[in-house]
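Numbers here are sequence positions counted from 1.
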Amino acid sequence: MKKLTNIFYVAMLLVFTLSSCKTLTTSSGEKIKPFRGTIVYDVQVIQIVDTMYIGDKTDFFGNEMHLTVFKNGNIQRKYFNASRLGYDLTYLDLKNNLFYTKYNHSDSLYGTDAGVINIVNLKELPTSKTTQKILSYDVKEIAIGAKEIATSLTKGDYLGIKYSYADAFKIDKTAYKNSNLDLWSFLMNKSNGSLSLRYEIDYYTYKVTYTAKEILPGKYEKYKETLSAESPRVIK
């Protein structure tokens with residue numbers, strides 16, 4: 001019995017070791033470890049249309065965003081210097097497939113089913129024919145025309161998305177196969193699990209561009225965990 005127990009523990013240790021050492025393959029065939037840590041982005045917002053019907057978004061997203069990928073695959077985005085009504089943080093809870101959003105004016109975390117399809121891909125758009133570099137890395141680009149799903153609160157706007165990525169910064173795309181919100185699963189599959197070094201979303205009334213300016217492997221910024229346990233969680 002003791003021998004069987006020892007065999008069981010050895011087998012479990014082997015499974016754990018193999019899972020923790022999982023590697024991903026780049027387009028050139030190189031084996032790399034999944035990225036874990038933080039990428040710091042510069043945020044630029046351009047207001048194209050400014051009327052009483054179109055809200056000014058120039059301060060809504062702040063001027064810097066930190067994206068952190070944790071060891072368990074959860075993804076956090078922390079926004080800096082956004083307006084009072086703007087973003088504070090968003091958080092993808094992979095285990096429960098919930099996407100949380102927190103705004104600066106409230107302590108509440110608003111949860112949404114991350115499996116919901118809120119944007120549909122309509123068509124691929126032309127990409128740049130010249131080689132682009134971000135932080136000295138050659139990047140490839142995904143460009144699509146898309147449309148938001150209409151709801152009782154929104155009419156469903158058209159938008160353009162450009163997703164520029166480098167093979168060097170990958171995560172396990174299979175872990176996000178059910179995370180459809182904001183086309184995340186689609187972009188993961190299309191880029192073979194590569195994180196963006198530049199992400200542009202153009203609503204034609206305003207455009208937001210996130211451009212990586214610093215990459216910090218192994219740095220985990222746990223802003224969600226600093227929230228009070230009494231902070232309300234509102235699940236939509």
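- Put simply, Val116 and Ile201 are part of the same group of oily side chains (I, L, V, M, F, W, Y) that touch within less than 4.5 Å, one to the next.
- The nearest pair of heavy atoms linking Lys147 to Lys155 is NZ-O, 4.0 Å.
- Between Tyr176 and Trp184, the ring-plane angle classifies as perpendicular under the 30° and 60° cut-offs.
- Contact of the Tyr103 side chain with the Tyr79 side chain is not registered, since no non-hydrogen atoms from C-beta on lie closer than 4.5 Å.
- You'll find the side chain of Asn192 stays beyond 4.5 Å of the side chain of Thr25, heavy atoms only.
- Following chains of ILVMFWY side-chain contacts shorter than 4.5 Å, one cannot reach Tyr223 starting from Leu216, and the two form parts of different hydrophobic clusters.
- Residues Ile32 and Lys170 meet the side-chain proximity criterion, which asks for heavy atoms closer than 4.5 Å.
- Under a cut-off of 6.0 angstrom, the local environment of OH in Tyr204 is crowded, with over 12 non-hydrogen atoms contributed by other residues, nucleotides or ligands.
- Put simply, the side chain of Phe35 does not reach to within 4.5 Å of the side chain of Leu24, judged on heavy atoms.
- Judged by distance alone, the side chain of Glu148 and the main-chain N or O of Asn118 form no donor-acceptor pair under 3.5 Å.
- Shortest non-hydrogen contact noted between Asn180 and Gly115 is ND2-O, 2.9 Å.
- Applying the side chain to side chain donor-acceptor pair (under 3.5 Å) test to Lys162 and every residue at least two apart in sequence or in another chain returns nothing.
- Annotation: side chain of Ser191 is in contact with side chain of Tyr163 (closest heavy-atom distance under 4.5 Å).
- A donor-acceptor pair is defined here as one N or O able to donate and one able to accept, closer than 3.5 Å; such a pair exists between the side chain of Arg36 and the backbone of Phe70.
- For Leu183 against Ile119, the heavy-atom pair with the smallest separation is CD2-O, 3.3 Å.
- At least one donor-acceptor pair closer than 3.5 Å links the side chain of Asp172 to the backbone N or O of Thr174.
- Residues Leu67 and Tyr210 have side chains not in contact (no heavy-atom distance under 4.5 Å, counting atoms from C-beta outward).
- Cluster annotation: Val40 and Val43 are assigned to distinct hydrophobic clusters (Ile/Leu/Val/Met/Phe/Trp/Tyr, side-chain heavy-atom contacts under 4.5 Å, transitive).
- Cation-pi geometry between Lys224 and Tyr100 is met: the NZ or CZ atom falls under 6.0 Å from the ring centre, inside 45° of the normal.
- Of all heavy-atom pairs between Ser83 and Asn104, the closest is O-ND2, 2.9 Å.
- Using a 4.0 Å cut-off between a side-chain N of Lys or Arg and a carboxylate O of Asp or Glu, Glu64 and Lys213 qualify as a salt bridge.
- The two residues Ile134 and Ala212 come nearest to each other via the heavy atoms CG2-O, 3.9 Å.
- No side-chain N or O of Ser185 forms a donor-acceptor pair with one of Asn178 less than 3.5 Å apart.
- Thr38 and Thr68 are linked by a side-chain donor-acceptor pair at a separation below 3.5 angstrom, with hydrogens and angles left out of the test.
- Under the side-chain contact (heavy atoms from CB on, under 4.5 Å) rule, Val139 has a single partner from Ser164, Ser196, Ser128, Ser194, which is Ser164.
- Using a 4.5 Å heavy-atom cutoff, the side chains of Leu197 and Ile215 are in contact.
- When ring centroids are compared, Tyr137 and Phe169 come within the 6.0 Å threshold.
- For the pair Lys173 (side chain) and Lys177 (backbone), a donor-acceptor distance under 3.5 Å is absent.
- Ion pairing between Lys219 and Glu214 fails under the 4.0 Å rule for side-chain N and carboxylate O.
- For the pair Tyr41/Arg77, no side-chain contact is recorded, criterion being any heavy-atom separation below 4.5 Å from C-beta on.
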